[in-house]
Amino acid sequence: MDKKFIPAQAEGKIYEYWEKNKLFEAKIDPAKKPFTVILPPPNANGNLHMGHAMFVYEDIMIRYHKMKGEETFWLLGLDHAGIETQYVFEKQLQKQGKSRYDFDRETLFKMIWEFVMANKGNIKSQLRRMGFALDWSKEKFTMDEDIVAIVHRTFKKMFDDKLLYRAERLVNYCTKDGTSFSDLEVESKDVDGILYYINFPLEEGGTIPIATTRPETMLGDVAVMVNPKDKRYKHLIGKNVRLPITDRVVPIIADEYVDKKFGTGAVKVTPAHDFNDFEIAKKHKLAYPPVIGFDGRMQNTGVVDGMRVKAAREEVNKRLRELGLLVKETPHKMVVKVCYRCGTTLEPLPLEQWYIKIRPLADKANQMVAEGQIKIYPKRFQKILKRMLDDFIDWNISRQNVWGIRIPAFYCTSKKEWFVTDGAKPDKCMICDGTDFVQDTDTLDTWFSSGQWPFATLQTLGKDYYDYFYPTSVMETGHDILRAWISRMIMLGSYVTDKVQFENVFLHGMVRDGKGQKMSKSKGNVINPIEKIDLYGADALRAALIFGTKEGGDVVLTEDKLIGMRNFANKIWNVGRFIYMCEHKELLPAEQAVEKKDVGSILKELVKETAALDKKGIKNMEAYHFSRTLDDTHQFLWHRLADYYIEELKDELRNGNIEVLEKLKSSYFSCLKLLHPFMPFVTEAVWKVFHGEDSSLLKTRV
RNA sequence: GGAUCUGUAGCUCAGUUGGUUAGAGCGUUCGGUUCACAUCCGAAAGGUCACAGGUUCGAGUCCUGUCAGAUCCACCA
């Protein structure tokens with residue numbers, strides 16, 4: 001055996017052995033209990049990041065259950081990642097001086113498809129570097145034809161069940177990405193804005209002062225609103241205001257919504273570009289003429305048409321100043337909604353979209369969790385999930401992307417009605433038998449399809465697979481997508497399959513740097529997992545992500561920790577090396593027994609302590625307290641087995657005491673089994689030294 | 001404003017249904033070069049477990065309050 005464990009030399013060969021011998025491949029075996037995990041599909045054309053590295057929890061579970069003798073299935077899937085991918089692709093186009101608008105829909109789709117297919121090998125090789133026991137023989141892609149067919153079928157079922165409806169509402173629209181988002185996909189950002197105080201002339205003479213952060217939207221105002229109890233303005237309710245610049249006449253209305261203390265106590269109402277104003281307009285039956293287009297430019301104003309919003313604001317302010325109506329500007333801290341993808345400030349715009357009626361689904365989901373049909377680990381997330389499900393509002397699933405699953409809905413232009421198919425384009429209109437119909441150009445929110453991922457993948461593998469492996473055992477993912485993904489899966493799963501999609505949910509924390517900061521590209525503190533594997537080995541990275549953490553809590557990943565875990569991998573190796581050398585009499589006999597030791601009672605203690613470790617280790621694995629098993633075994637192997645027992649019994653070993661050797665070996669093997677799910681490479685390497693090249697810990701039993 | 005979580009050694013964190021002298025990794029100090037490992041070994045220093053009450057024979061652990069921080073959600077033009 002080599003003096004040191006060298007991951008770079010060992011890992012590739014070991015992984016190849018696992019893969020070649022099909023140790024990761026799932027078979028249907030009615031004699032065994034199935035244990036199924038669906039990998040949260042990584043972006044097909046992306047790179048492995050620390051978030052993906054955290055899927056090591058899934059590998060730990062898979063390997064542990066494999067060693068328990070269960071039929072395990074870790075299903076590999078890749079995600080088309082709608083907006084994400086289109087964004088990356090469009091950036092590439094931009095470099096070539098082109099944009100998505102230079103191509104028709106079909107061409108653009110085809111180009112992105114080829115782009116993704118060409119790049120998906122990368123992420124797969126990186127997943128292998130992590131040592132993940134994924135079943136490579138049954139890879140799925142979220143845009144596979146059979147998956148798309150299932151997603152379409154679900155859409156149709158919801159339409160038929162009247163859970164889908166179209167509505168024109170304000171949506172969060174990114175004028176850069178050219179699509180709307182659901183309420184879950186927006187991020188809030190604090191910005192330093194300006195509150196402008198403007199005097200609006202009254203038709204009867206005089207003015208009413210209003211305060212706004214967006215003067216340009218004045219061009220789309222339909223009213224001015226005050227609180228009905230506000231003595232300052234009470235006498236003006238029902239009177240009219242002549243809007244500056246455009247001279248349009250709008251009424252002064254009253255609503256409790258207005259906070260008397262804020263600004264001037266009088267608000268301009270722009271229903272087409274403000275969520276609250278939109279609600280007010282609905283209530284008071286006012287129109288909502290949009291003055292900002294989907295391209296982010298002004299329209300229908302007769303004043304600043306074609307200008308971008310910012311420029312329009314300056315122009316409007318300039319004119320107001322000239323009129324002497326812009327009387328005050330004060331700094332104002334405010335919150336804007338930005339695109340989670342590109343950071344552009346989102347524009348609330350009226351748009352007709354498909355919505356899912358969420359209450360029936362969310363209520364059912366809540367019930368299933370409350371009944372314990374789905375268990376959440378760590379437990380506290382159950383409360384959080386309940387709250388999320390309670391708060392769900394109807395879900396906008398229309399996206400104006402090309403790269404996605406096209407919505408199988410068609411609009412009959414003569415009857416002005418929608419109909420839905422199972423995906424195929426019909427020969428004639430299903431409403432009037434005519435030919436005047438067009439397909440919705442929108443695609444589905446990726447969460448709508450990924451919300452069906454576990455059952456969809458298993459169904460496409462065949463009924464036998466579905467029957468055997470579904471519902472899946474554990475869904476493991478970061479707690480940051482509890483709302484966006486887990487909750488949607490629970491809702492859609494029960495709706496379509498009438499079962500839970502998974503029996504347990506395990507949520508891991510976020511990876512942070514040494515300063516406790518979340519890793520992000522903009523902060524420049526991202527750690528590339530592959531880089532660290534090259535330096536310290538996959539085992540070290542894996543263990544560093546688990547060691548000394550609490551499940552669901554955040555992980556602080558530092559260079560020191562990685563080094564510490566690399567050292568531990570080496571320690572594992574060297575304990576094996578020492579036992580091996582004793583076994584093969586490669587050590588000289590001890591010179592003399594300095595002191596008489598009670599070998600018998602030390603051995604008794606060793607056996608007892610090992611058994612206790614084993615029992616506790618298994619118990620913690622079952623309770624999803626994975627890191628405790630790693631911590632305990634680390635502590636035992638290093639500071640008890642190596643530092644104490646081996647040191648105490650060293651002379652006996654060198655003098656060829658077979659019983660001592662066997663007991664130490666047995667204790668060591670127990671450690672290897674407990675450690676294998678966490679650090680599969682070094683444990684497997686040393687196992688092979690003792691049991692032959694064709695042996696594997698994956699073939700042993702805990 | 002609402003919710004959830006956290007506060008333990010210099011740093012990053014464990015600590016299971018309450019139960020002897022509170023632990024790990026890294027760091028610090030001192031000492032070790034013969035064959036398992038210097039990616040190592042031995043020894044040491046270092047904590048009023050945020051604070052104040054309460055329950056209990058017994059509290060880092062349970063309850064209440066205070067303070068500090070983190071995250072998520074909702075937000076006033």
- Message: What I want to check is whether an N or O donor and acceptor connect the side chain of Lys561(A) with the base of U12(B) at under 3.5 Å.
- Response: no
- Message: Can you measure Asn574(A) atom CG to C41(B) atom P for me and round it to whole angstrom units?
- Response: 10 Å
- Task: Would you mind telling me which of C75(B), A36(B), G2(B) lies closest to the side-chain atoms of Phe578(A)?
- Result: A36(B)
- Message: Any strand counts, and the cut-off is 3.5 Å on both contacts for Watson-Crick or G-U wobble. Which nucleotide pairs with A77(B)?
- Response: none
- Separation of C13(B) atom C1' from Leu630(A) atom CG, nearest Å, is 14 Å
- Message: How many whole angstroms separate atom NE2 of His625(A) from atom P of C13(B)?
- Response: 19 Å
- P-based separation of C72(B) from C62(B) [nearest Å]: 26 Å
- Query: What class does the angle between the rings of Phe278(A) and Tyr288(A) fall in, given that below 30° is parallel, 30 to 60° is tilted and above 60° is perpendicular?
  - Reply: perpendicular
- Note on the structure: Sorted by position of nearest nucleotide on RNA chain B, 5' first, the leading residue of Glu647(A) and Asp631(A) is Asp631(A)
- State the pairing partner of U17(B); accept Watson-Crick or G-U wobble contacts with both distances under 3.5 Å, and report none otherwise. none
- Message: Would you measure the distance from the P atom in U61(B) across to the matching atom in U8(B) and give it in whole Å?
- Response: 13 Å
- Would you call Glu551(A)-Arg628(A) a salt bridge at under 4.0 Å N-O? no
- Calculate the interatomic distance between Asp632(A) atom CG and A14(B) atom P; express it in whole Å. 15 Å
- Aromatic ring proximity Tyr624(A)/Tyr57(A), centre distance under 6.0 Å: no
- Query: Given that both distances must come in under 3.5 Å, which nucleotide forms a Watson-Crick or G-U wobble pair with A22(B)?
  - Reply: none
- Query: What is the distance from CD of Glu185(A) to P of C72(B), rounded to the nearest Å?
  - Reply: 16 Å
- Using both distances under 3.5 Å as the test, list the Watson-Crick or G-U wobble partner of C5(B), or none. G69(B)
- Task: Any strand is fair game: report the nucleotide pairing with A59(B) by Watson-Crick or G-U wobble, both distances under 3.5 Å, or none.
- Result: none
- Choosing from U39(B), A36(B), C41(B), which nucleotide comes nearest the side chain of Asp643(A)? C41(B)
- Task: Could you give the distance separating U71(B) and U64(B) at their P atoms, to the nearest angstrom?
- Result: 25 Å
- Mind calculating the distance between CE (Met388(A)) and P (A3(B)) to the nearest angstrom? 15 Å
- Message: Could you tell me how far apart Tyr257(A) (OH) and C76(B) (C1') are, to the nearest whole angstrom?
- Response: 6 Å
- Task: In whole angstrom, give me the gap between the C1' atoms of A22(B) and G58(B).
- Result: 16 Å
- Message: Check the phosphate of C41(B) against Trp638(A), side-chain N and O only, distance under 4.0 Å to OP1 or OP2. Yes or no?
- Response: yes
- Task: Let me know the distance between CG of Asn570(A) and P of C41(B), rounded to the nearest Å.
- Result: 11 Å
- Passing option when Phe626(A) is tested against Tyr377(A), Phe506(A), Phe547(A), Phe678(A) for ring-ring contact (aromatic ring centres under 6.0 Å, His included): Phe506(A)
- Which value, in whole Å, describes the distance between the P atoms of nucleotides C5(B) and A9(B)? 22 Å
- Message: Tell me whether the side-chain N or O atoms of Arg628(A) pair up with the base of U16(B) as donor and acceptor below 3.5 Å, since no angle test is needed here.
- Response: yes
- Task: Compare the minimum distances between each of C76(B), A77(B), A14(B) and the side chain of His332(A), then state the nucleotide with the smallest one.
- Result: A77(B)
- When you compare U56(B) with C13(B), how far apart are their P atoms, in angstrom units rounded to a whole number? 36 Å
- Message: Pick the closest RNA chain B nucleotide for Arg380(A) and for Gly553(A) by heavy atoms, then say which residue is nearer the 5' end.
- Response: Arg380(A)
- Partner of G27(B) under the Watson-Crick or G-U wobble criteria, both distances under 3.5 Å, comes out as none
